[in-house]
Amino acid sequence: GAGAGGVGGAGSMSKKVDTVEVTSRDLLTLEDGEFLNDSVVDFFIKKLQRDMRAEDAVRCHIFNSFFFEKLTNVTEEDSLSAPDVRQRMAYERVRRWTKGVNIFDKDFVFFPMNGLLHWSLIILCHPGETVNYRDDDDSNDDVTLETRGKRVAGQAQRPVSYLLHLDSMTSGGPVPDFDSLTAHGHKTAFVVNRLREYLALEWLRLNPSGKKAAAAGMTVTEAEESQAANERFSKARLPHLRMRTPQQDNGCDCGLFLLTFIERFITPKMTAALMQSEIIAAYENKPPPLGYEQLQVFLSREWFVTEEAAVQRSRIILLILQQLKAALPATPEIEEWAEEGAGLEEAWEATAAAAAERERQHKAIDDVMHEVEGVIRDRTLVVSIAEDTAEKQRGKRAAAAGEPIIIVDESDAEDNADGLADPHTVAAPAVGAGGAPSGFGRPTRSTVKPPEAGAGAGNLRASSRRRH
């Protein structure tokens, strides 16, 4: 069936085929105003992985979009009150998802998350630094971005462990026509705490302290093991931030923002490392320190313009159409019909009919692809205009103030309260549809009908149940 290849296991420089199959029905979730389903999300992620440089592919791990949903499935936990029991049960549901992979050897681990009709992304940066954490790095848990930054500034800079939450829907933001359940995005504190619990037990699976203690003639209970592992991944050792990333201006583009976050992070090449000062600079919408490789807008509110989401929709449609076209079965040769008992005349007729049908299917897909390519050109122009406008706005702000605009954002302070965030926030106004000149806002709705079901989709699996 049609699909996109994925990346092989940890520690290997080669890529193996790992496909996500899509159908013509999945194209419907890419219509303007529709929510992306998990098949489309996983399809595009696998495509990104397939296209990654080999040296980058082995430095990261991207979880399947079902991972976090499985980890936080509370149906069987409702009657449980002991946090350690809940933590163990949650981990057991996903413990096999990293078979053959040591995520602590990676530089970056990506967790696409889906819940409450919304998509967002967690990026775990340099998890090995948490494992190698020294107790004297922080003298106590009362640490802010400012105090932690000063300590790092006095040391040789090195990669730092962080949980970065990238959510295109900020709590408290003015979003029209949104359901109240989804208007605030995902709760950062809940998400990162569940991931810390998972990481603690995953590390314990790979590094069982009980065996070390037994070798030293000591006895360690399972509860003591878990407590020690949880402390290793506490908020002091593994802080988090809800980054001020580009924000969607509607209720349906969250999946597209998720995919654009990942794409912008890993292409054209993945950053070698993220230092503490770089993360803080991006969080405060400031340029990275001199000597660092990141662009000024990396991970910031102005990383890309809102209009990029519409282009992404059309690009993914085109990718899927290309895969569907490539999946069309070849026309059987006359010899194949003869082997099935058909006479020569019947074989000629059957071959001609099959060739005509295949040609019809090709044309149906080609016609849609041609229309989509036109939409991409139009929307790319809109993006270019919005980017030019955003660049001019940045220049005007810099000339007028000489420094980033300081904005107090209480919603961000709440989301980052448990993640060592400084109470003040620095951010620049988001540039979305309103940043483009009059007449060049959100592109007009363009309805692109998928090819009919017979056009190469008959042998593909049914569309997934989720459409978020």
Side-chain angles (χ1 to χ4, degrees), residues 1-6 15-51 255-256 259 310-380 445-467:
K15 297 181 180 181
K16 68 178 182 180
V17 175
D18 181 17
T19 61
V20 175
E21 294 185 333
V22 293
T23 73
S24 55
R25 288 186 177 184
D26 292 320
L27 286 172
L28 297 176
T29 73
L30 284 161
E31 282 286 295
D32 290 345
E34 294 293 332
F35 296 98
L36 267 63
N37 70 3
D38 58 283
S39 292
V40 171
V41 168
D42 286 335
F43 168 87
F44 192 69
I45 288 175
K46 292 299 182 184
K47 194 270 180 185
L48 292 175
Q49 289 179 290
R50 183 196 65 193
D51 294 344
L256 297 162
L259 296 176
V311 183
Q312 195 74 285
R313 277 189 185 272
S314 300
R315 288 174 183 158
I316 299 174
I317 289 175
L318 187 60
L319 284 171
I320 293 177
L321 288 172
Q322 291 169 344
Q323 294 291 327
L324 288 172
K325 182 177 178 180
L328 289 175
T331 302
E333 299 293 337
I334 294 180
E335 291 79 5
E336 296 180 48
W337 293 107
E339 290 177 0
E340 295 181 6
L344 183 60
E345 184 176 349
E346 291 179 303
W348 273 110
E349 292 177 354
T351 300
E357 175 61 18
R358 191 171 190 274
E359 180 64 24
R360 185 192 67 79
Q361 293 173 345
H362 264 275
K363 186 178 184 306
I365 296 177
D366 285 340
D367 288 345
V368 180
M369 288 174 60
H370 179 72
E371 181 180 350
V372 173
E373 287 167 351
V375 173
I376 291 175
R377 286 193 296 270
D378 293 342
R379 293 183 171 183
T380 299
R445 180 182 178 92
S446 175
T447 301
V448 180
K449 296 182 179 180
E452 55 192 271
N459 62 334
L460 304 181
R461 70 174 173 82
S463 180
S464 175
R465 60 184 175 83
R466 294 193 312 186
R467 297 184 61 211

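Keep in mind it's a predicted model, so treat the numbers as computed, not measured.
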To the nearest 0.5 Å, how far apart are [atom1] in [X] and [atom2] in [Y]?
X: D42; Y: L259; atom1: CG; atom2: CG; value: 9.0 Å
X: N37; Y: D26; atom1: CG; atom2: CG; value: 4.5 Å
X: E21; Y: T23; atom1: CD; atom2: OG1; value: 10.0 Å
X: F43; Y: L48; atom1: CZ; atom2: CG; value: 10.0 Å
X: S314; Y: E371; atom1: OG; atom2: CD; value: 9.5 Å
X: L319; Y: M369; atom1: CG; atom2: CE; value: 9.5 Å

_Under the side chain to side chain contact (heavy atoms under 4.5 Å, CB included) test, residues paired with E359 that sit two or more places apart_ = none
_Partner residues of R358 under the side chain to side chain contact (heavy atoms under 4.5 Å, CB included) criterion, sequence neighbours left out_ = L328, T331, H362
*Taking only Lys NZ, Arg NE, NH1 and NH2, and the carboxylate oxygens of Asp or Glu, determine whether K46 and D51 approach each other closer than 4.0 Å.*
no
*Do any N or O atoms from the side chain of R313 and from the backbone of E34 form a donor-acceptor pair under 3.5 angstrom?*
yes
*Passes side chain to side chain contact (heavy atoms under 4.5 Å, CB included), R315 versus F44? Steps please.*
CA-CA 10 Å; R315 288 174 183 158; F44 192 69; 5.8 Å; no
*With side chains defined as the heavy atoms from C-beta onward, is the minimum distance between I320 and L30 less than 4.5 Å?*
yes
*Kindly write out the residues that satisfy side-chain hydrogen bond (donor to acceptor under 3.5 Å, both in side chains) with D366, not counting sequence neighbours, or none if the list is empty.*
K325
